[in-house]
Enquirer: 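Before I ask anything, here is the structure I am working with.
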Amino acid sequence: MKIAVACDHGGYRLKNVLMKEMVNQGYEVIDFGTYNEESCDYPDFASKAAKAVASKECDKGVVVCGTGIGVSITCNKVKGIRCALVHDVFSAKATRAHNDTNMLAMGQRVVGEGLAIEILNAWLHSDYEGGRHDLRIKKMMDLEEE
Ligand code: RB5
């Protein structure tokens, strides 16, 4: 499975931690930057990861900034993306099971590395439940056509 990752300067360190975790588990990780802690604009990098997921070049995406908010808003502007900003394990599982999210966002200034890795794993290893959630997701995605 191919995972797109991206961050800004505020998420650079946590992105590296999460990348290492995914590579250790055998995922192919494509890093869309940024590649250092110099101040930059999160939409420039989060949008690249989101477009890679939307185009199916990558299967899923993980994005990080200081709060996770900027990167999650950015990704959700890209057609086909459902990006969840998550800072607890329960929501990580629930958003895969109920929302079939294809991207995960976290904030480096919000969660510690240990919890972030648990959240990542809960999200990566949880499946979409389908059923009653199909129509809800369709209703969400139909808004992209308005
Ligand atoms: C950068 O200072 C910070 O604004 C950014 O990382 C993010 O938290 C924005 O939502």
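This is a predicted model, so every value here is computed, not measured. Just so you know, ligand 1 is whichever comes first in the structure, and atom 1 is the first atom listed for that ligand.
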Enquirer: For residues 77-87, tabulate all N or O donor-acceptor pairs below 3.5 Å that involve a side-chain atom, not counting sequence neighbours.
Expert:
| from | atom 1 | to | atom 2 | distance (Å) |
| --- | --- | --- | --- | --- |
| Lys79 | NZ | Glu145 | OE2 | 3.4 |
| Arg82 | NE | Asn99 | O | 2.9 |
| Arg82 | NE | Asp100 | O | 3.3 |
| Arg82 | NH2 | Asp100 | O | 2.9 |
| His87 | NE2 | Gly107 | N | 2.9 |

Enquirer: Around atom NZ of Lys51, are there more than 12 heavy atoms of other residues, nucleotides or ligands at under 6.0 Å?
Expert: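 For Lys51, atom NZ is not crowded (no more than 12 foreign heavy atoms under 6.0 Å).
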Enquirer: Looking at residues at least two apart in the chain, or sitting in another chain, which of them share a side chain to side chain donor-acceptor pair (under 3.5 Å) with Asp88?
Expert: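 Partners of Asp88 by the side chain to side chain donor-acceptor pair (under 3.5 Å) criterion, ordered by chain and then number, come out as Ser91.
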Enquirer: Please tabulate, one line per pair, the protein N or O atoms found under 3.5 Å from any N or O atom of ligand 1, giving the distance to one decimal.
Expert:
| from | atom 1 | to | atom 2 | distance (Å) |
| --- | --- | --- | --- | --- |
| ligand 1 | 2 (O) | Arg109 | NH1 | 3.4 |
| ligand 1 | 6 (O) | Asp8 | OD1 | 3.4 |
| ligand 1 | 6 (O) | Asp8 | OD2 | 2.6 |
| ligand 1 | 6 (O) | Gly66 | N | 2.8 |
| ligand 1 | 8 (O) | Gly66 | N | 3.4 |
| ligand 1 | 8 (O) | Thr67 | N | 2.9 |
| ligand 1 | 8 (O) | Thr67 | OG1 | 2.9 |
| ligand 1 | 10 (O) | Thr67 | OG1 | 3.2 |
| ligand 1 | 10 (O) | Gly70 | N | 2.9 |

Enquirer: May I ask you to check whether His125 and Gln25 show a side-chain donor-acceptor distance below 3.5 Å?
Expert: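 Yes - a donor-acceptor pair under 3.5 Å links their side chains.
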Enquirer: For Asn16 and Tyr35, run side-chain hydrogen bond (donor to acceptor under 3.5 Å, both in side chains): C-alpha distance rounded to whole Å, both residues' side-chain angles, the deciding distance at 0.1 Å, then the answer.
Expert: CA-CA 10 Å; Asn16 286 340; Tyr35 304 110; over 6 Å; no
Enquirer: With sequence neighbours excluded, tell me which residues meet salt bridge (charged side-chain N to carboxylate O under 4.0 Å, His left out) with Asp142.
Expert: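 Salt bridge (charged side-chain N to carboxylate O under 4.0 Å, His left out) list for Asp142, sorted by chain: Lys138.
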